[in-house]
Visitor: 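Got a structure for you, questions after.
Just so it is clear, the model here is predicted, and its values are computed rather than measured.
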Amino acid sequence: QLQLVESGGGLVQPGGSLRLSCTASGFSLDYYNIGWFRQVPGKEREGVSCISSSDGRVGYADSVKGRFTISRDNAKNAVYLQMNSLKPEDTAVYYCAVDRGLRNWRVLSSTLDPLLFGSWGQGTQVIVSS
């Protein structure tokens, strides 16, 4: 069973930065397109960013463009989300997930639809507050 673990969340002041990590146990992330998502209580999970499996193509939600950067290190079997210029509205639980086999990068990156991803981790809490 695919299992992902997110880490790196915490409390940060507005304008600050955090780096989230997504690691896998028992399988290699190399083959998968990976997405980052976030969710606040009472709201649907929303896509934040994704990175392709093979050539490092990336996609971002409009709300984080220019502030967040997704990257991957296949040697470490990890995917990262560097979050800069954080805002209170970025407060959420952040999750990573692997694409469920659609393998259509245009659809994955343009929609960031959580339904196209699976093997969710437990999430890591990010709180942006002064």
Visitor: Return all side-chain donor-acceptor pairs below 3.5 angstrom for residues 39-49, not counting sequence neighbours, or 'none' if the list is empty.
Guide:
unit_1, atom_1, unit_2, atom_2, d
Gln39, OE1, Arg45, NE, 3.1
Gln39, OE1, Arg45, NH2, 3.1
Gln39, NE2, Lys43, O, 3.1
Glu46, OE2, Arg38, NE, 2.6
Glu46, OE2, Arg38, NH2, 3.3
Ser49, OG, Gly59, O, 2.8

Visitor: Please tell me whether Val98 and Leu20 are part of a single hydrophobic cluster in this structure, the criterion being side-chain heavy atoms less than 4.5 Å apart.
Guide: yes
Visitor: Check whether Glu6 reaches the backbone of Tyr95 with its side chain - one donor and one acceptor, N or O, closer than 3.5 Å.
Guide: no
Visitor: Which heavy atom of Ala78 sits nearest a heavy atom of Thr23, and at what distance?
Guide: CB-CG2, 4.0 Å
Visitor: Enter the distance from Ser54:OG to Tyr31:OH here, rounded to the nearest 0.5 Å.
Guide: 10.5 Å
Visitor: Is atom CZ of Arg57 surrounded by more than 12 heavy atoms (other residues, nucleotides or ligands) closer than 6.0 Å?
Guide: yes
Visitor: Using the rule given for side chain to side chain contact (heavy atoms under 4.5 Å, CB included), can you reason through Trp36 versus Phe68, listing the C-alpha separation, both sets of side-chain angles and the distance that settles it, and then say yes or no?
Guide: CA-CA 11 Å; Trp36 279 101; Phe68 290 12; over 6 Å; no
Visitor: Between Val58 and Val79, is there shared hydrophobic-cluster membership here, with clusters defined by ILVMFWY side-chain heavy atoms closer than 4.5 Å?
Guide: yes
Visitor: In Å and rounded to the nearest 0.5 Å, what is the OH to OG distance from Tyr94 to Ser7?
Guide: 15.0 Å
Visitor: Same cluster or not: are Tyr80 and Tyr60 linked, directly or through other Ile, Leu, Val, Met, Phe, Trp or Tyr residues, by side-chain heavy atoms under 4.5 angstrom apart?
Guide: no
Visitor: Identify each donor-acceptor pair in which a side-chain atom of residues 120-130 lies under 3.5 Å from a protein atom, sequence neighbours left out, and give them as a table.
Guide:
unit_1, atom_1, unit_2, atom_2, d
Thr124, OG1, Gly9, N, 2.9
Gln125, NE2, Ala92, O, 3.2

Visitor: In this structure, which one of Ile51, Leu108, Asn104 forms a side chain to side chain contact (heavy atoms under 4.5 Å, CB included) with Asn33?
Guide: Leu108
Visitor: As an exercise, state the distance from CG of Asn77 to CG of Asp30, rounded to the nearest 0.5 Å.
Guide: 6.5 Å
Visitor: Name the orientation class of the two ring planes belonging to Phe37 and Phe117 (parallel below 30°, tilted from 30 to 60°, perpendicular beyond 60°).
Guide: perpendicular
Visitor: For the atom pair CG (Leu4) and OG (Ser25), what is the distance rounded to the nearest 0.5 Å?
Guide: 7.5 Å
Visitor: When Arg67 is tested against each of Lys87, Met83, Gln82 for side chain to side chain contact (heavy atoms under 4.5 Å, CB included), which residue passes?
Guide: Lys87
Visitor: Could you measure the distance from the OG atom of Ser53 to the CG atom of Asp99? Nearest 0.5 Å is fine.
Guide: 7.5 Å
Visitor: Would you say Leu112 ends up clustered with Val107 if hydrophobic residues are merged whenever their side chains have heavy atoms under 4.5 Å apart, either directly or through other cluster members?
Guide: no
Visitor: To the nearest 0.5 Å, what is the distance between CH2 on Trp105 and OG on Ser110?
Guide: 10.0 Å
Visitor: Would you say Val5 and Val93 are hydrophobically clustered, going by side-chain heavy atoms of ILVMFWY under 4.5 Å?
Guide: no
